[in-house]
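In each ligand, atom 1 is the first atom listed, and ligand 1 is the first ligand listed.
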Amino acid sequence: MIYYPNQKNQELLKVPIKSCCVPRPIAWVSTISKDGIPNLAPYSQFQNLTFDPYYVMISINQNHNGRRKDTTVNIEETGEFVCGMVPYHMSQEMNITASPFNSEIDEFEAAGIKKIKSNSVKPYSIEGSPVQIECRYTQTLRLPGKGTHGTVDIIIGEAISIYIDDNYIGSDNKIDIARIKPLARLGYSDYTYVDKVFEILPSDKACSVEDALKGLVGASDSSL
Ligand SMILES: Cc1cc2nc3c(=O)[nH]c(=O)nc-3n(C[C@H](O)[C@H](O)[C@H](O)COP(=O)(O)O)c2cc1C
């Protein structure tokens, strides 16, 4: 079949769009309002954009009432945010923080999550999240959309520091993703988690593996 995203009344009963780009990592985004109220919410339209410097993006739709979500407002007003990884065992807490709480509510408290002082930014870090990217806001790209919540603010930020729980650094000196079991979003109400990791090295068909690895390892300066 061919599915046309802009047409209605097609064969599939449920819109498949979010199943076409999976799995999506979930950023558990911690911010703080200009009045000092902590906020926490999950965002799966989330990715790193480049690695040197390390920019990340979160794509935040408007609410059904056409207003911008608390996370967007807080980031633009205060200039800082933290993107935490959600381990599988914290799925239920993550889900609570997705509720449309009033902006006066501290969502850490609502979900029973302890707030930890961050290393480089004012928004709190999340106790139990094994990897947390502390970011400084760079810019917003606002894309017009349909209806009240189609319009989206793509928030871009630069990582200032990254907390990594030592308990999840393996004997090979790499982050032990399979042990963290990061939660990820599929389409509909479906989720998955990563518990299998395998390596594929670059092909040596066009150049040496060493040359092909340059730039793939995470910094333009290979001495870093
Ligand atoms: C797993 C998950 C992923 C989500 N991803 C997004 C997303 O990428 N963009 C978005 O606008 N809302 C997303 N949401 C919905 C927000 O988390 C929800 O609207 C939340 O109430 C926003 O809170 P805030 O107003 O405190 O920022 C997601 C919800 C869940 C459960």
For atom 21 (O) of ligand 1, find the nearest protein heavy atom and state the residue, atom name and distance (0.1 Å precision). Ala98 O, 2.9 Å
I need the nearest protein heavy-atom contact for atom 2 (C) of ligand 1: residue, atom name and distance, please. Arg185 NH1, 3.2 Å
Any idea which protein heavy atom is nearest atom 23 (O) of ligand 1, and the distance to it? Ala41 CB, 3.4 Å
Can you spot which of Asp106, Asp70, Ile96, Asn39 makes a side chain to side chain contact (heavy atoms under 4.5 Å, CB included) with Phe101? Ile96
Looking at Arg68, Arg142, Lys69, which one forms a salt bridge (Lys or Arg N to Asp or Glu O under 4.0 Å) with Glu76? Arg68
Distance-only polar pair, side chains of Ser118 and Ser125, donor-acceptor under 3.5 Å: yes
Looking only at protein heavy atoms, which one is nearest to atom 5 (N) of ligand 1, and how far off is it? Ser44 N, 2.9 Å
Tell me the protein heavy atom at minimum distance from atom 15 (C) of ligand 1, and give that distance in Å. Lys69 NZ, 3.8 Å
Please work out which of Trp28, Phe101, Tyr43 has its closest non-hydrogen atom nearest to atom 7 (C) of ligand 1. Tyr43
With a 3.5 Å cut-off and no angle check, do the side chains of Thr97 and Trp28 form a donor-acceptor pair? yes
Only one of Thr78, Thr72, Thr71, Val73 forms a side chain to side chain contact (heavy atoms under 4.5 Å, CB included) with Ile75, so which one is it? Thr71
Give yes or no for whether the N/O distance cutoff of 3.5 Å, strictly under, is met between Pro42 and ligand 1. yes
Distance-only side-chain donor-acceptor flag, Lys146 / Asn6, under 3.5 Å: yes
Of the choices Thr97, Ile75, Val152, Thr71, which has the non-hydrogen atom that lies closest to atom 27 (O) of ligand 1? Thr71
the protein heavy atom lying closest to atom 9 (N) of ligand 1 turns out to be Ser59 O, 3.1 Å
Tyr191 ring centre to Arg185 NZ or CZ under 6.0 Å, with the angle to the axis within 45°? yes
For atom 26 (O) of ligand 1, what is the closest protein heavy atom, and at what distance to 0.1 Å? Asn39 ND2, 2.8 Å
Which residue and atom name correspond to the protein heavy atom nearest atom 8 (O) of ligand 1, and how close is it? Gln45 N, 2.8 Å
Would you say Tyr191 touches ligand 1, if touching means a heavy atom closer than 4.0 Å? yes
If you measure from atom 11 (O) of ligand 1 to every heavy atom of Asp70, Thr31, Asn61, Ile26, which option wins on shortest distance? Asn61
Distance-only donor-acceptor check, side chains Asn119 and Gln132, under 3.5 Å: no
Partner of Arg179 by side chain to side chain contact (heavy atoms under 4.5 Å, CB included), out of Asp176, Ile175, Ile177: Asp176
Please verify whether a non-hydrogen atom of Arg24 lies at under 4.0 Å from ligand 1. no
